[in-house]
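First the structure, in the form of structure tokens, and then the observations on it.
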Protein chains: 2
Amino acid sequence: MSSNDTCPVCRTAEIVCGKWTLLVIRDLAEGRSRFCELERSLHGISPRTLSLRLRALEEEGIVERQTFPEVPPRVEYALTDKGRALVPLIEDMRAYGIQWLAVDCIDEDGADETTAAADGEPVAEREPAIAAV
Amino acid sequence: MSSNDTCPVCRTAEIVCGKWTLLVIRDLAEGRSRFCELERSLHGISPRTLSLRLRALEEEGIVERQTFPEVPPRVEYALTDKGRALVPLIEDMRAYGIQWLAVDCIDEDGADETTAAADGEPVAEREPAIAAV
DNA sequence: CGCAATGCTTCACGAACTGAAGTAAGCGGC
DNA sequence: GCCGCTTACTTCAGTTCGTGAAGCATTGCG
């Protein structure tokens with residue numbers, strides 16, 4: 001598309017850089033599987049965007065969609081191997097967030113967030129894997 | 001803003017998910033430092049977007065900007081520690097791209113140094129269950 | 001003087017994302 | 001029978017984001 005298509009970083013970036021994509025994958029990795037579960041977990045996502053993301057991800061072979069002909073209709077989404085292979089990436093992002101973006105619960109004070117962390121000092125040491133969200 | 005601000009994944013995602021952001025960081029990590037170098041390397045990026053990205057990244061404390069009062073005026077951008085900490089993430093993306101998006105890394109710009117140099121952990125060449133899409 | 005180079009900014013346009021609302025299909029309550 | 005509830009979406013209008021072309025400011029060179 002826009003940049004070098006032969007570059008694996010670019011190609012991964014194109015998958016990953018949609019606005020909610022990574023978060024959808026994270027939620028799927030954490031066991032959420034249904035549309036409305038994702039919708040509630042990712043609070044703020046519009047159903048259109050979620051629908052678009054899931055469909056794109058399905059087309060990429062990153063998620064699998066399974067419909068159950070029940071009432072009310074049930075649809076479950078799950079990561080494929082190709083999707084699960086993105087989990088380390090997400091864990092890296094979590095580690096980065098913890099190390100360099102470390103704000104535990106407070107963000108809406110605004111203004112100063114950059115000066116706090118931008119001075120070149122990591123805020124926490126590396127925490128392994130799955131944290132409670 | 002959109003989702004849970006207490007989640008480190010979300011906060012990292014917000015930094016990383018701008019359309020060219022990761023690629024800008026990669027180029028910076030590979031040694032490119034000037035506006036027009038980046039502009040040419042990321043062919044297809046609009047100067048406005050590059051300018052926006054660089055400024056946002058600077059405000060995040062991820063890149064440092066240094067101006068030289070020469071003629072023509074020179075400006076150099078470089079990653080801070082906080083920015084360099086994102087390189088493993090990019091390497092993960094490269095590994096993912098190579099494993100699952102099955103295109104070899106052909107960076108004709110001589111960008112190959114990182115693949116060679118950043119090989120602290122060898123990219124395991126697993127068999128990607130060949131996605132014939 | 002006119003042109004070139006660098007590092008932007010401005011502009012108009014189209015693509016992407018948003019929030020609210022609507023749709024379909026059937027179950028349970030009244 | 002009719003109403004409302006649920007799920008998994010789709011549609012719509014509106015806002016924000018990214019694009020490509022062009023412009024601006026500086027000043028050294030021919």
Side-chain angles (χ1 to χ4, degrees), chain A residues 1-5 10-11 13-28 31-60 63-79, chain B residues 1-5 10-11 13-28 31-60 63-79:
Chain A
M1 196 193 299
S2 20
S3 66
N4 189 352
D5 277 333
C10 308
R11 290 163 53 81
E14 266 166 39
I15 290 174
V16 137
C17 281
K19 188 164 186 204
W20 293 89
T21 313
L22 240 7
L23 268 8
V24 170
I25 293 167
R26 181 205 55 178
D27 271 24
L28 253 14
R32 274 172 274 274
S33 58
R34 308 199 32 195
F35 194 92
C36 65
E37 265 183 304
L38 295 166
E39 199 175 1
R40 274 190 288 264
S41 167
L42 273 30
H43 72 275
I45 196 173
S46 70
R48 177 176 144 81
T49 304
L50 181 53
S51 179
L52 250 29
R53 286 295 169 274
L54 287 169
R55 191 164 307 134
L57 254 15
E58 197 191 349
E59 263 166 40
E60 286 286 347
V63 319
E64 265 172 346
R65 187 187 134 108
Q66 217 186 338
T67 61
F68 299 84
E70 298 173 2
V71 167
R74 186 158 59 98
V75 181
E76 294 200 346
Y77 298 90
L79 293 179
Chain B
M1 301 300 162
S2 14
S3 65
N4 189 352
D5 278 332
C10 306
R11 283 188 289 115
E14 265 166 38
I15 289 174
V16 136
C17 282
K19 189 164 182 200
W20 292 90
T21 312
L22 241 7
L23 268 8
V24 169
I25 293 167
R26 182 205 55 177
D27 271 24
L28 252 15
R32 275 173 272 274
S33 57
R34 307 194 38 190
F35 193 93
C36 65
E37 264 184 304
L38 295 166
E39 199 175 0
R40 275 190 286 266
S41 168
L42 273 31
H43 73 276
I45 196 174
S46 70
R48 176 178 144 81
T49 304
L50 181 52
S51 180
L52 250 30
R53 288 296 170 272
L54 253 9
R55 191 165 308 132
L57 255 15
E58 197 192 348
E59 263 165 41
E60 286 285 346
V63 319
E64 265 173 346
R65 185 187 133 108
Q66 218 187 336
T67 60
F68 300 86
E70 297 172 2
V71 168
R74 185 157 60 97
V75 182
E76 293 200 344
Y77 297 91
L79 294 179

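Quick note on labels: first sequence line is chain A, next is B, and so on, each numbered from 1.
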*side chain to side chain donor-acceptor pair (under 3.5 Å) against B/Thr49, all qualifying residues, sequence neighbours excluded*: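 With sequence neighbours excluded, B/Thr49 shows a side chain to side chain donor-acceptor pair (under 3.5 Å) to B/Ser46, given in chain and number order.
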Rounded to whole Å, please give me the gap between [atom1] in [X] and [atom2] in [N].
X       : N      : atom1 : atom2 : answer
A/Arg32 : D/dA8  : CZ    : C1'   : 18 Å
A/Leu50 : C/dA20 : CG    : P     : 16 Å
B/Leu22 : D/dG18 : CG    : P     : 14 Å
B/Trp20 : D/dC17 : CH2   : C1'   : 14 Å
A/His43 : C/dT18 : NE2   : C1'   : 15 Å
A/Ile45 : C/dG19 : CD1   : P     : 10 Å

*Footprint string (nucleotides 3-15 of chain C, 5' to 3'): B base within contact, S backbone only, - free, heavy atoms under 4.0 Å*: --BSSBBBB----
*Sort and list the pairs that fulfil salt bridge (Lys or Arg N to Asp or Glu O under 4.0 Å) and have at least one residue in residues 44-55 of chain A, not counting sequence neighbours.*
none
*Mind jotting down which residue pairs meet the salt bridge (Lys or Arg N to Asp or Glu O under 4.0 Å) criterion with at least one end in residues 64-74 of chain B? Sequence neighbours excluded, please.*
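Pairs touching residues 64-74 of chain B that pass the test: B/Glu70-B/Arg74, B/Arg74-B/Glu76.
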_I want to check one thing: is the phosphate of C/dC17, taken as OP1 and OP2, less than 4.0 Å away from some side-chain N or O of A/Ser46?_
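Answer no for this pair, as no side-chain N or O of A/Ser46 is under 4.0 Å from OP1 or OP2.
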*Would you please confirm or rule out a distance under 4.0 Å between OP1 or OP2 of D/dT16 and any side-chain N or O of A/Lys19?*
no
*asked:* Tell me every residue that passes side-chain contact (heavy atoms from CB on, under 4.5 Å) with B/Pro72, counting only those two or more places apart in sequence or in another chain.
replied: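 Not a single residue meets the side-chain contact (heavy atoms from CB on, under 4.5 Å) criterion with B/Pro72.
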*A/Pro47: side-chain contact (heavy atoms from CB on, under 4.5 Å) partners, not counting sequence neighbours*: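 Checked A/Pro47 against side-chain contact (heavy atoms from CB on, under 4.5 Å); matches are A/Phe35, A/Glu39.
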*Go through the steps to decide whether B/Val63 and B/Val24 satisfy the test side-chain contact (heavy atoms from CB on, under 4.5 Å), and finish with yes or no.*
CA-CA 10 Å; B/Val63 319; B/Val24 169; 5.7 Å; no
